[in-house]
Amino acid sequence: MSLKAPAPEHHEGSALRIGIVHARWNQAVIEPLLAGTKAKLLECGVKESNIVIESVPGSWELPIAVQRLYAASQVQSSSGGATAGDLLGGSTTDLTALAAPASGPFDAIIAIGVLIKGETMHFEYISDSVSQGLMRVSLDTGVPVIFGVLTVLNEAQALHRAGQGGAPGAHNHGEDWGLAAVEMGVKRKA
Ligand SMILES: O=c1[nH]c(NC[C@H](O)[C@H](O)[C@H](O)CO)c([N+](=O)[O-])c(=O)[nH]1
């Protein structure tokens, strides 16, 4: 067991509704991360119908997409016809068209992305902005946003953290994110 992994806690997720927003950059790494995340959610009892998955082009779009998914689900669960735009500070955009298929607010939302360092400073700017943005959405909305963004220096590091490549110690971090979402969702309901 890694020195870093948190001590395991078992939480039952059958009453939870979980959103997942994933980027499509580096799809070969995103796919196993997403699969590992979903597998752990199901293993903890989260119903498949209560897992809503959406995608965005890249990690930069994760914060706004998580915020809109939250707002759309709030519109669905609230009466009074307020639009999600009202919840987002006065814009007139009605996000119900983007609303999740099932209804009801989310107990946690997982943001998944894979940022791989290139030759320029692009990586640093996106990594910092995305992590700050996701933290802000989580604190502003009160919904736990699980940070599932790999910020790695090369493809080998990314594959290793998606449990791929067969090297010793390879571990699918998506599993940790699924467990964190269930724990934080249960504790938010308590
Ligand atoms: O998710 C990623 N997006 C990346 N860029 C796209 C960015 O997230 C936005 O989608 C794009 O800038 C349009 O807003 C990446 N790189 O540029 O290397 C990357 O490695 N991963």
Side-chain angles (χ1 to χ4, degrees), residues 2 4-5 18-41 51-73 84-85 87-95 97-101 106 108-141 143-167 169-181 184:
S2 156
K4 295 186 291 184
I18 306 290
I20 300 174
V21 181
H22 70 84
R24 294 193 300 273
W25 265 69
N26 302 306
Q27 189 71 17
V29 185
I30 290 286
E31 279 173 8
L33 290 171
L34 184 57
T37 299
K38 192 175 171 186
K40 278 297 175 185
L41 292 176
I51 300 173
V52 174
I53 300 175
E54 293 191 352
S55 76
V56 291
S59 296
W60 180 264
E61 284 74 36
L62 288 171
I64 187 69
V66 169
Q67 187 183 64
R68 285 181 175 274
L69 186 62
Y70 159 79
S73 71
L87 295 166
L88 290 177
S91 74
T92 55
T93 308
D94 181 345
L95 292 178
L98 300 181
F106 291 107
I109 300 177
I110 306 166
I112 298 177
V114 177
L115 280 159
I116 302 178
K117 171 78 178 152
E119 296 171 348
T120 69
M121 291 291 290
H122 196 215
F123 167 86
E124 283 81 356
Y125 290 114
I126 298 178
S127 299
D128 182 53
S129 297
V130 169
S131 54
Q132 298 289 342
L134 291 173
M135 175 62 79
R136 182 162 72 80
V137 171
S138 192
L139 295 174
D140 287 354
T141 63
V143 173
V145 174
I146 305 304
F147 186 71
V149 181
L150 295 185
T151 54
V152 293
L153 302 180
N154 53 56
E155 287 184 8
Q157 286 183 353
L159 290 165
H160 194 71
R161 286 155 183 75
Q164 309 297 300
H171 168 68
N172 188 334
H173 286 220
E175 297 174 3
D176 304 330
W177 306 334
L179 291 173
M184 295 306 288

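Just so you know, ligand 1 is whichever comes first in the structure, and atom 1 is the first atom listed for that ligand.
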Classify the ring geometry between W177 and H173 as parallel (under 30°), tilted (30 to 60°) or perpendicular (over 60°).
perpendicular
Out of [options], which one pairs with [X] under the side-chain contact (heavy atoms from CB on, under 4.5 Å) rule?
| X | options | answer |
| --- | --- | --- |
| S55 | R24, Q27, E61 | R24 |
| I51 | T37, I20, I110 | I20 |
| Y70 | T141, D140, V137 | T141 |

Could you check atom 10 (O) of ligand 1 against the protein and tell me its nearest heavy-atom contact, residue, atom and distance included?
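Closest protein heavy atom to atom 10 (O) of ligand 1: E61 OE1, 2.7 Å.
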Look at atom 20 (O) of ligand 1 and say which protein heavy atom is nearest, naming residue and atom and giving the distance to 0.1 Å.
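It is I116 N, 3.2 Å.
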So, S131 side chain and D128 main chain: donor-acceptor pair closer than 3.5 Å or not?
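At least one qualifying donor-acceptor pair exists.
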Under 4.0 Å from a heavy atom of [X]: give me the atoms of ligand 1 that qualify, with their elements.
| X | value |
| --- | --- |
| V114 | 1 (O), 2 (C), 19 (C), 20 (O), 21 (N) |
| H122 | 17 (O) |
| N26 | 19 (C), 20 (O), 21 (N) |

Could you name the option among F123, Y125, W60, W25 that has the heavy atom nearest to atom 6 (C) of ligand 1?
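Comparing heavy atoms across F123, Y125, W60, W25, the nearest one to atom 6 (C) of ligand 1 lies in W25.
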